[in-house]
Participant: 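One structure follows; several queries about it will come next.
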Amino acid sequence: MKKRTKTSRRNAFTYALVILAFAILQAMTAAGAISSSLKGMLVPICAYVVMAVSLNLTVGILGELSLGHAGFMSVGAFTGVTAAVALQASVPSAPLRLLIGMVVGAAFAALAGFLIGIPVLRLKGDYLAIVTLAFGEIIKSIFNNLYVGVDSHGFHFSLLSDKTNLAEGGKLIIAGPMGIGGIQKIATFTAGVLLVLVTLFVVFNLVNSRAGRAIMAIRDNRIAAESVGINVTKYKMMAFVVSAALAGAAGTLFAMNYSTIVANKFDFNTSILVLVFVVLGGLGNMLGSIVAAAALTILPEALRQFSDYRMLVYAIVLILVMLTTNNPTLRSYLDRAKAAVTGKRHEKEAA
Amino acid sequence: MTFLNFLINGISLGSIYAIIALGYTMVYGIAKMLNFAHGDVIMVGAYICFYAITRFSLPPLVGVVLAMIVCTMLGIVVERLAYKPLRSAPSLAVLITAIGVSYFLQNAALLLWSSNPKVFPSFFVLESGGAAKTGVELFGGQLKISYVTIVTIAACVVIMLALTWFTGRTRLGKAMRACSEDKGAAQLMGINVNGTISMTFAIGSGLAAIAGVLLCSAYPTLVPTTGSMPGIKAFTAAVFGGIGSIPGALLGGLLLGVIEIFAKAYISTQLSDAVVFAVLIVVLLVKPAGLLGKQIREKV
């Protein structure tokens, strides 16, 4: 039998864990052993997991800090839902409509990622971070003032005020600051888990390919990578666009779980929330992102008994986790413990 | 005349941004970290001043000084407890900690002072002949300048002059510049690096308190999230002018304020934020290290 590498074992473990979690949660739902508040959070958890994994591609694998990831989620949410609403009559099957919505959302987010990537990827470090923040805010502003309607003549767009002048029987889909209302909630937990698996598949395959190795080489040393003939712009753009597309699909999934969606939902705080998932889960560690996203989405809910104090507790937990995981003494202790464990395993293998 | 009015309003708003941006830029210069909690220090300062004036009916000036003292202490305590243990940690870890501190301050404010908006008292009012005046009128009433505007711009000028003198002429200021240049070398020269960093946080937070009071005097609604958007804008201003540079923070802040007011007046109120950020992007494409930032050559 072909010996599998450590990475592929780890990836298989990640897939298995997601499927196992899905099976357990489905069984619990069937048995009615799950609280209604948790049940309502299953789809958002999936969306946040996809967001975290996709941002991890930008921050952990490409090594560029992005503070505007919610912008891509926003693009995906608005375009995907618009597509789904417009197709409501012609495509009766809800799962198919959801799929089309996600594909459209991903495509538009990828386009946005490409357009934003042209200027952004020329910059470095904190300057790059601030420009992604700026783009996130611009996207929020635009969707807050965009009006899109559909009637028998096709789509109508207008900015700032509703000048769409729809014909009889037309429907205003995006209503500026009111966002999209009356969405059919067609997102399901199954669809969410499928999207998570697709995301993992895309990311793992990208990371383990020639392109992925090029991307990581750029992260580790851009000049060295350039000097061995790696096209830096191309590979940076590739990672950025894939990350944006996945975020777009997550945005569609997220939006389809609520009856109304407004642009202000996808603000700077959402970008930061996802970044917290990525950093706590570990840079470049997809399994970590998944666990962190799921745990931190449930945490405020689990802290409900502290009622008013829960966000305060959340903040303190966040600070303490960062302080302890980065404490030099604790770190060296953990490293030694790890070395001891893995060292023993090597000895066993040798024996 | 309306143009001049907008320009003055823009400079006034820009002065507030500049004062906040100074805190960001000094901390970045010395600790190489983006202090996301800075915006919330502004909010704390404004609340302290608000309660000092309304609840304890202290004179406004005492309220401002009290706010400055509390914010300075807050800055030092936060630095000691949350940032100092992470001096050698990767910058992302520090960033997330700063975000944690920001959440903490916002939610603590929510618990202490509730989410009900407070109306900040306007204390820049002069009594003249029985009628309360809030500003001066020039050119037969065509040009109105409120006292808040005048005080804001004056405060910004004074703070800039004081900081320039402080960093250029005093021992502590020179120590600060030395630390931001090279921490190791500064330590070898006998400079107390940790003390200097604490001092930088203290100065930045004290300035944030002033900015909070000025901000809430001009835009008098006070809620626990008051500081976050001006914080982000000021951070943008600091990057705009070249982060780490004190004159850059002033220039960036003023430009950002003027652009924002002009965009509100001549383009669209709703899209003004988008215009501000679009200008930032264009500037960074032309000058990738900001207007007055140092362009660092890469050595291979």
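Quick note on labels: first sequence line is chain A, next is B, and so on, each numbered from 1.
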Participant: Compare every heavy atom of A:A134 with every heavy atom of B:L280, then report the nearest pair and how far apart it is.
Facilitator: CD2-CB, 3.9 Å
Participant: Which bit of B:V276 comes within less than 4.5 Å of chain A, counting heavy atoms only: side chain, backbone, both or neither?
Facilitator: neither
Participant: Do A:I319 and B:I96 touch side chain to side chain, with heavy atoms closer than 4.5 Å?
Facilitator: no
Participant: Quick one, B:F36 and A:L67 - any side-chain contact, counting heavy atoms below 4.5 Å?
Facilitator: yes
Participant: Could you tell me whether B:F104 atom CZ has more than 12 heavy atoms of other residues or ligands within 6.0 Å of it?
Facilitator: no
Participant: In terms of heavy-atom pairs under 4.5 Å with chain A, which of B:P90, B:A89, B:A108, B:A93 leads?
Facilitator: B:A93
Participant: For B:Y103 and A:A315, which heavy atoms make the closest approach, and how far apart are they?
Facilitator: CB-CB, 3.7 Å
Participant: Name the region of B:L105, side chain, backbone, both or neither, that has any atom closer than 4.5 Å to a heavy atom of chain A.
Facilitator: neither
Participant: Check whether A:V317 gets within reach of chain B through its side chain, its backbone, both or neither, counting any heavy atom under 4.5 Å.
Facilitator: neither
Participant: What residue in B:D273, B:V101, B:L111 has the most heavy-atom pairs under 4.5 Å with chain A?
Facilitator: B:L111
Participant: Check whether the ring centres of A:Y127 and B:F240 lie less than 6.0 Å apart, and answer yes or no.
Facilitator: no
Participant: Between CD1 of A:I130 and CG of B:L34, what distance do you get to the nearest 0.5 Å?
Facilitator: 7.5 Å
Participant: At a heavy-atom separation under 4.5 Å, does A:L133 approach chain B through its side chain, its backbone, both, or neither?
Facilitator: side chain
Participant: When rounded to the nearest 0.5 angstrom, what distance separates CG in B:L285 from CG in A:L123?
Facilitator: 6.0 Å
Participant: Step through the shown structure and confirm whether more than 12 heavy atoms of other residues, nucleotides or ligands are within 6.0 Å of OH on B:Y83.
Facilitator: yes
Participant: Which atoms of B:M229 are under 4.5 Å from chain A, going by heavy atoms: the side chain, the backbone, both sets, or neither?
Facilitator: side chain
Participant: Does some side-chain heavy atom of A:L312 sit less than 4.5 Å from a side-chain heavy atom of B:L110?
Facilitator: no
Participant: Tell me which donor-acceptor pairs under 3.5 Å the side chains of residues 277-286 of chain A have, and how far apart each pair is, sequence neighbours excluded?
Facilitator:
from	atom 1	to	atom 2	distance (Å)
A:N285	OD1	A:R10	NH2	3.3
A:N285	OD1	A:L287	N	3.2
A:N285	OD1	A:G288	N	3.0

Participant: Within this structure, what is the CG-CG distance for the pair B:L271 and A:N144, rounded to the nearest 0.5 Å?
Facilitator: 9.5 Å
Participant: If you compare all heavy atoms of B:A278 against all heavy atoms of A:I138, which two are closest, and at what distance to 0.1 Å?
Facilitator: N-CD1, 3.7 Å
Participant: CZ/B:F277 to NZ/A:K140 distance, rounded to the nearest 0.5 angstrom?
Facilitator: 8.0 Å
Participant: Please indicate whether B:Y266 has more than 12 foreign heavy atoms, meaning atoms of other residues, nucleotides or ligands, lying under 6.0 Å from its OH.
Facilitator: yes
Participant: Hey, could you give me the CG/OG distance between A:N269 and B:S228, rounded to the nearest 0.5 Å?
Facilitator: 6.5 Å
Participant: After noting the C-alpha distance and the side-chain angles of A:L65 and B:L95, does the key distance pass the side-chain contact (heavy atoms from CB on, under 4.5 Å) rule?
Facilitator: CA-CA 11 Å; A:L65 177 60; B:L95 183 75; 3.8 Å; yes
Participant: How many angstroms lie between atom CD of A:E137 and atom OG1 of B:T236, to the nearest 0.5 angstrom?
Facilitator: 8.0 Å
Participant: Considering residues, nucleotides and ligands other than B:K287, do more than 12 of their heavy atoms fall under 6.0 Å from its NZ?
Facilitator: no
